[in-house]
Amino acid sequence: MSMSSDISVRRLENPTDKQIDDIVQLLLRAYSDDVLLKCMSGDDHALAGAYFRAMLADSAFQGHIYVAQSHKGPPSEGINAVCLFFEPGKAIFSTEEQRAQPNGWNDYWTKLPLDVQTWWNEFKQTLGEYTISQGLQNLAKDSYWISLMGTDPAYQTLGLGSALLRTVQAKASKEGANIGLSTQTTANCAWYERLGMKVIASVKTPAKLYAEDISLYILTGA
């Protein structure tokens, strides 16, 4: 655990059902207006929650779940922000064993209506073709890859996201490795760049009925 006077960061190695439930609700609040999540879930609240559960299941199995708590702001039960990431050599949902975890990707996929599955297939094809064309197809497995970051809206601007990112940066630095992630907005890019990240590529992906398209920005940093 790392701690300052205002923020503590810790790893959840064996999260309880309640902690998973709390993190899912936090992420649903944090991503309530996110166009990409609408596409991934067909704008269905329950399916969005199932997607977050799948990410958490795999992160608990093969990756890392780190959470941050603010000692300022409204009273809380201890989880105000979360970061999911994978060490080099691993990637989210990359093996059948990972996808088959309880409440994991396979469970989520079977709940999706056909049109959302179709969108997912188009999305993965677009992203896959682009990363190959740019020589980035192994970036996630070669880096400390951040699959998800989210801060409860009631606790934003308190430095929680920065504390989580610096935790990943410190772990990567010890091994001489890079970190990587993708995000959707130029405002997010600017925030990450202030913390030492750099945009190295961007791609537009289909957005169903929720927008004309989605811009994904890929960032790396030491």
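Here the structure is a predicted model, which means the values were calculated and not measured. The figures that follow rest on heavy atoms only: side chains count, while hydrogens, waters and symmetry mates do not.
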S.K.: In the single-linkage hydrophobic clustering (I, L, V, M, F, W, Y; side-chain heavy atoms under 4.5 Å), do Tyr31 and Val35 co-cluster?
M.R.: yes
S.K.: Regarding Thr126 and Glu122, do their side chains bring together a donor and an acceptor under 3.5 Å, going by distance alone?
M.R.: no
S.K.: Cationic tip of Lys124 within the cone over Trp109's six-membered ring, i.e. under 6.0 Å and within 45° of the normal?
M.R.: yes
S.K.: State yes or no: are the ring centers of Tyr66 and Phe85 separated by less than 6.0 Å?
M.R.: yes
S.K.: Is a salt bridge present between Glu96 and Arg99, judged by a nitrogen-to-oxygen distance below 4.0 Å?
M.R.: yes
S.K.: To the nearest 0.5 Å, tell me how far Gln137 CD sits from Asp142 CG.
M.R.: 9.5 Å
S.K.: When rounded to the nearest 0.5 angstrom, what distance separates CD in Gln169 from OG in Ser162?
M.R.: 9.0 Å
S.K.: Over 60° means perpendicular and under 30° means parallel, so tell me whether Trp105 and Tyr51 are parallel, tilted or perpendicular.
M.R.: perpendicular
S.K.: Taking the side chain as every heavy atom from C-beta outward, state whether Leu165 and Ile179 have any atom pair closer than 4.5 Å.
M.R.: yes
S.K.: Do the side chains of Asp34 and Lys38 get close enough for a salt bridge, i.e. N-O under 4.0 angstrom?
M.R.: no
S.K.: Do Phe86 and Trp145 make the cut of ring centroids closer than 6.0 angstrom?
M.R.: no
S.K.: Do Val203 and Ile132 share a hydrophobic cluster (ILVMFWY, side-chain heavy atoms under 4.5 Å, transitive)?
M.R.: no
S.K.: Is Leu84 linked to Ile20 within one hydrophobic cluster, defined over Ile, Leu, Val, Met, Phe, Trp and Tyr using a side-chain heavy-atom separation of less than 4.5 Å?
M.R.: yes
S.K.: If you round to the nearest 0.5 Å, how far is OG of Ser182 from CG of Asn188?
M.R.: 10.5 Å
S.K.: Do Thr95 and Gln98 have side chains that get closer than 4.5 Å, going by heavy atoms?
M.R.: yes
S.K.: Do the side chains of Arg53 and Asp58 get close enough for a salt bridge, i.e. N-O under 4.0 angstrom?
M.R.: no
S.K.: When you compare the side chains of Tyr144 and Glu175, does any donor N or O come within less than 3.5 Å of an acceptor on the partner?
M.R.: yes
